[in-house]
Each structure stands twice: as C-alpha cells, then as structure tokens.
Amino acid sequence: MKTVLSFLNRRLSLKGLKTLGLAITLAIWAGQVAAQDAPAADMPVGERNLRVGVYVHPPFVMRDGDTFTGMAIDLWERISQELSLQSIYVELDNTGDLVTAVANADVAVAVTNLTVTRARAERVDFTHPWFDAGQRIMVNDDRGGGFWDVLRGLQDSGHLRGYAWIAFVIAMATLLVTLFDRRFNKEFPRRWRDGIAESFYVVMSVATSGKSPTRKNFLGWAGRLWQGLWLVCGIAVLAYVTSSVTSVMTTLSLTNKINSFADLPGRVVGVQPGSVSESYAQEAGLTTRPFAHIDQAVTALLGGRIDAIVGDAPVLEYYAHTHPDQPVSVVGPIFAPDKYAFGLTQGSDLTRALTVELIGAHETSQIDAIRTRYFGSDP
C-alpha cells in the first residue's frame with residue numbers, strides 16, 4: 001500500500017511540474033504578444049523615417065527642383081528635427097488627395113496649409129493649429145472694359161438692333177445721294193464705285209460729325225432745308241451712339257465689379273478641388289470650376305473663363321504680391337475664418353508629440369519668425 005501511494009505522489013509531482021512549466025511558457029508567450037501588440041503611444045518617437053505628404057501651395061509649400069520649401073516645410077523641418085524624425089516627401093495633386101492619403105495611411109503626415117474642419121477631423125487627426133487664415137477673392141482688374149464685353153453689352157441691351165437700322169439708313173442715304181448727284185451734278189464721278197465712295201463719305205461725315213462737306217446746292221431754299229434736317233439727324237445719330245456705348249460701359253463697370261462674396265452669385269469661380277474653398281462655394285450655390293494650382297486658376301481668370309477665384313487668403317495675397325505684372329487683385333474682407341494644422345493618420349503616436357512641439361514653437365515665437373520671413377510683420 002505504501003509503495004502504491006509513493007508511486008502516485010511521484011506521478012502527481014511530475015505532472016504538477018509539467019503543468020507549472022506549461023503555465024510559465026504560456027505566460028512568457030502572452031507577454032511577448034502583448035508587447036508586440038502594445039499601442040504605438042508606448043513606442044519611442046525618435047529615429048523614425050516618415051512618408052510625409054505635401055501639396056504645393058505657395059508660400060506654404062513650394063517646389064525647387066527636387067527640394068520643397070515654404071513656411072509649412074520650414075516649420076515641419078524644425079519640429080521634426082526636435083523629434084529626430086526623417087522625412088520622405090511625397091507630393092499629392094490637391095488637398096483632397098492629401099487628406100485621403102493620410103486617412104488611408106499611405107502617408108503618415110500631411111504638410112501644407114491644411115484647414116481644420118469637422119469633416120476632415122472625422123478621417124484624420126490634427127495637431128495644434130499653427131496659422132490663422134480664412135477665405136478671400138481674387139479678381140481680374142481689367143475685366144469689363146474689353147471690346148467683346150462692350151459688344152455683348154450692346155447686344156443684351158438691344159442697341160445692336162438700333163445700330164443695324166442706322167446702318168440700313170446710311171446705306172439707303174448713300175444710294176440716294178449717289179443717284180441725286182449723278183442726275184444733277186456734272187462734276188460727280190461717273191464710275192459707280194467712285195460715286196458711291198464719294199456719297200458714303202458725305203453721309204458718314206454728317207452722321208459722325210454733324211457737319212456736311214462743302215456741296216453745291218442744286219435745289220435752292222428746299223435744298224438748304226433738307227441739308228439742315230440731315231445735319232440734325234446726323235447729330236442725333238452721333239449722340240445716340242455715344243450715349244449707348246457710354247451707358248453700356250458704365251453698366252459693365254458696375255455689374256462686373258466684385259467687392260465681396262455677396263457679388264459672386266451668378267458667376268463662375270475657380271477653386272481648388274477638395275478644399276474648404278470648394279465646399280464653401282458649392283454650399284453657397286456658386287458655379288465652381290476646379291484648378292489644382294493657383295497659376296492655372298489665374299490663367300483662366302485672365303482669359304475670361306472664370307469670373308473670380310475663391311481661395312485661402314494668404315495664398316492669394318502672396319501670389320498677388322509676388323506677381324505685380326499680373327492685373328489681379330485680392331478684394332473684400334476675410335470670410336469663413338479657419339486654422340491650419342498638420343494632419344496625421346488616426347491614432348498616430350506622433351499627434352501629441354508634434355502638438356507639444358508646436359505649442360512650444362508658439363511660445364518661443366519661432367512660428368512668428370518663420371511667418372515674418374514669408375509674409376512680413378503683418379500677414
């Protein structure tokens with residue numbers, strides 16, 4: 001009996017040791033898995049290579065060959081250096097694509113003048129804002145005074161129909177004067193083309209200047225009365241043409257002038273696709289036309305394909321300041337005020353670290369120094 005009990009005790013002890021060993025092994029394995037699955041926030045920030053998405057939008061992001069510069073780039077380089085982060089820049093076509101790339105984790109960070117909005121915050125994380133901005137309007141200074149603008153204005157106001165009747169009367173008058181002079185004036189050119197040209201000159205002299213070239217009177221007092229009436233008609237025609245053109249040009253000057261967002265309904269405005277400008281304009285019911293870059297939008301503005309550009313105020317102001325040869329102006333007050341921040345993939349461990357660095361850059365006036373470099377003391 002004692003022998004049996006001793007045997008059972010030894011078996012149980014061995015089994016217990018095996019169980020204990022198995023438990024220890026499982027605990028070590030679970031700890032390794034937990035360490036691998038630990039949240040990114042527990043991982044060190046420094047010494048990391050990042051794919052940084054950028055969108056070229058001067059003066060915040062500018063491209064010089066293979067190098068990117070600008071206020072947003074300078075700020076990013078400064079704070080990423082503090083965190084020992086290495087950047088691999090990836091250029092995107094517009095801010096919409098940039099936000100999508102960050103949301104899909106194709107890039108880790110979005111660096112440009114990226115506006116903080118609720119819709120974007122549902123897709124990406126934002127750092128502490130580093131720039132206060134808003135929307136403004138760029139217009140063509142030369143719009144409204146061109147020949148075709150005046151011609152369209154005359155047509156819309158019905159004056160071109162009046163001009164057509166005047167042209168018909170001038171043609172008939174030229175024919176009648178030609179027939180009359182061929183009948184009564186022996187010195188009148190015999191060839192029809194010469195005679196018509198001479199009569200046309202006489203009629204146009206009266207119509208445009210109210211004065212008649214010196215002509216021999218063949219009908220006595222009746223002829224003088226007729227010449228007087230013709231002079232009055234000429235003066236009336238001249239006054240009508242002058243006043244109609246002047247009124248149309250004045251109307252064009254008033255109606256084509258854009259001073260604020262309230263003047264944009266019924267116009268075609270250029271916007272950046274996927275931007276706050278596009279969303280704001282479309283929500284207001286404006287007709288928009290997308291342009292990936294400011295240069296393309298300005299070309300369309302000067303070419304008359306759009307009536308104005310709605311965009312980020314500092315971007316439009318910077319373009320107008322650095323392109324004094326272009327007849328463009330930024331008008332109206334800032335509307336839809338907003339803030340710029342860096343965007344990151346949701347749950348990124350970099351969000352807090354970058355925010356801390358940005359707040360520090362604000363407190364030490366580093367951001368003000370970078371801003372002054374691009375915008376002067378009063379952006």
Side-chain angles (χ1 to χ4, degrees), residues 39-117 120-121 123-133 272 274-275 292-294 312 314-315 318 338-375:
D42 294 335
M43 298 175 63
V45 172
E47 302 299 337
R48 193 185 308 182
N49 292 325
L50 294 179
R51 285 172 59 83
V52 178
V54 297
Y55 166 64
V56 175
H57 214 195
F60 295 97
V61 178
M62 297 179 285
R63 189 184 184 102
D64 185 9
D66 294 331
T67 304
F68 291 99
T69 61
M71 181 179 177
I73 296 294
D74 289 355
L75 179 59
W76 168 254
E77 291 282 355
R78 179 164 298 188
I79 64 174
S80 63
Q81 184 178 3
E82 293 292 330
L83 298 174
S84 300
L85 300 173
Q86 303 298 321
S87 301
I88 302 173
Y89 291 112
V90 179
E91 184 178 353
L92 281 301
D93 291 333
N94 53 65
T95 53
D97 291 346
L98 183 58
V99 172
T100 299
V102 175
N104 295 338
D106 295 329
V107 296
V109 186
V111 174
T112 189
N113 54 317
L114 186 63
T115 301
V116 179
T117 66
R120 290 175 178 172
R123 303 177 63 196
V124 303
D125 288 346
F126 283 106
T127 63
H128 182 77
W130 50 266
F131 197 96
D132 293 326
Q272 176 200 8
S275 66
H293 297 284
I294 182 66
D312 292 330
V315 173
Y318 181 82
D338 52 34
K339 296 179 182 295
Y340 299 155
F342 296 136
L344 300 99
T345 305
Q346 285 189 337
S348 173
D349 62 310
L350 290 173
T351 305
R352 183 177 182 279
L354 292 174
T355 291
V356 170
E357 291 297 329
L358 284 170
I359 293 174
H362 270 296
E363 293 176 348
T364 58
S365 299
Q366 294 181 44
I367 293 180
D368 289 337
I370 298 175
R371 182 188 64 189
T372 300
R373 189 185 312 161
Y374 290 94
F375 293 99

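- Within the 4.5 Å cutoff, the side chain of Val99 has heavy atoms near those of the Leu114 side chain.
- Heavy-atom neighbours of Arg373 CZ from other residues, nucleotides or ligands within 6.0 Å: above the threshold of 12.
- Contact detail for Leu98 and Gly53: the closest heavy-atom pair is CD1-C, 3.5 Å.
- Under a 3.5 Å cut-off, the side chain of Thr117 and the backbone N or O of Arg120 do form a donor-acceptor pair.
- Residues Val102 and Ala108 approach most closely at CG1-O, 4.4 Å, considering heavy atoms.
- Phe375 and Phe131 have tilted rings, their planes meeting at an angle from 30° to 60° on a 0 to 90° scale.
- Of all heavy-atom pairs spanning His128 and Leu358, the tightest one is O-CD1, 3.4 Å.
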Could you walk me through whether Leu50 and Leu350 satisfy the side-chain contact (heavy atoms from CB on, under 4.5 Å) test, starting with their C-alpha distance in whole Å, then the side-chain angles of each, then the deciding distance to 0.1 Å, before giving a yes or no?
CA-CA 11 Å; Leu50 294 179; Leu350 290 173; 3.5 Å; yes
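- Between the side chain of Asn94 and the backbone N or O of Gly96, at least one donor-acceptor pair lies under 3.5 Å.
- Each of Asp132, Asp312, Thr112 was evaluated against Tyr340; a single residue qualifies, Asp312, per the side chain to side chain contact (heavy atoms under 4.5 Å, CB included) test.
- With Tyr89 as the fixed residue, the ring-ring contact (aromatic ring centres under 6.0 Å, His included) test singles out one of Tyr55, Trp76, Phe68: Phe68.
- Annotation: Gln81, atom CD; neighbour count of heavy atoms from other residues, nucleotides and ligands within 6.0 Å does not exceed 12.
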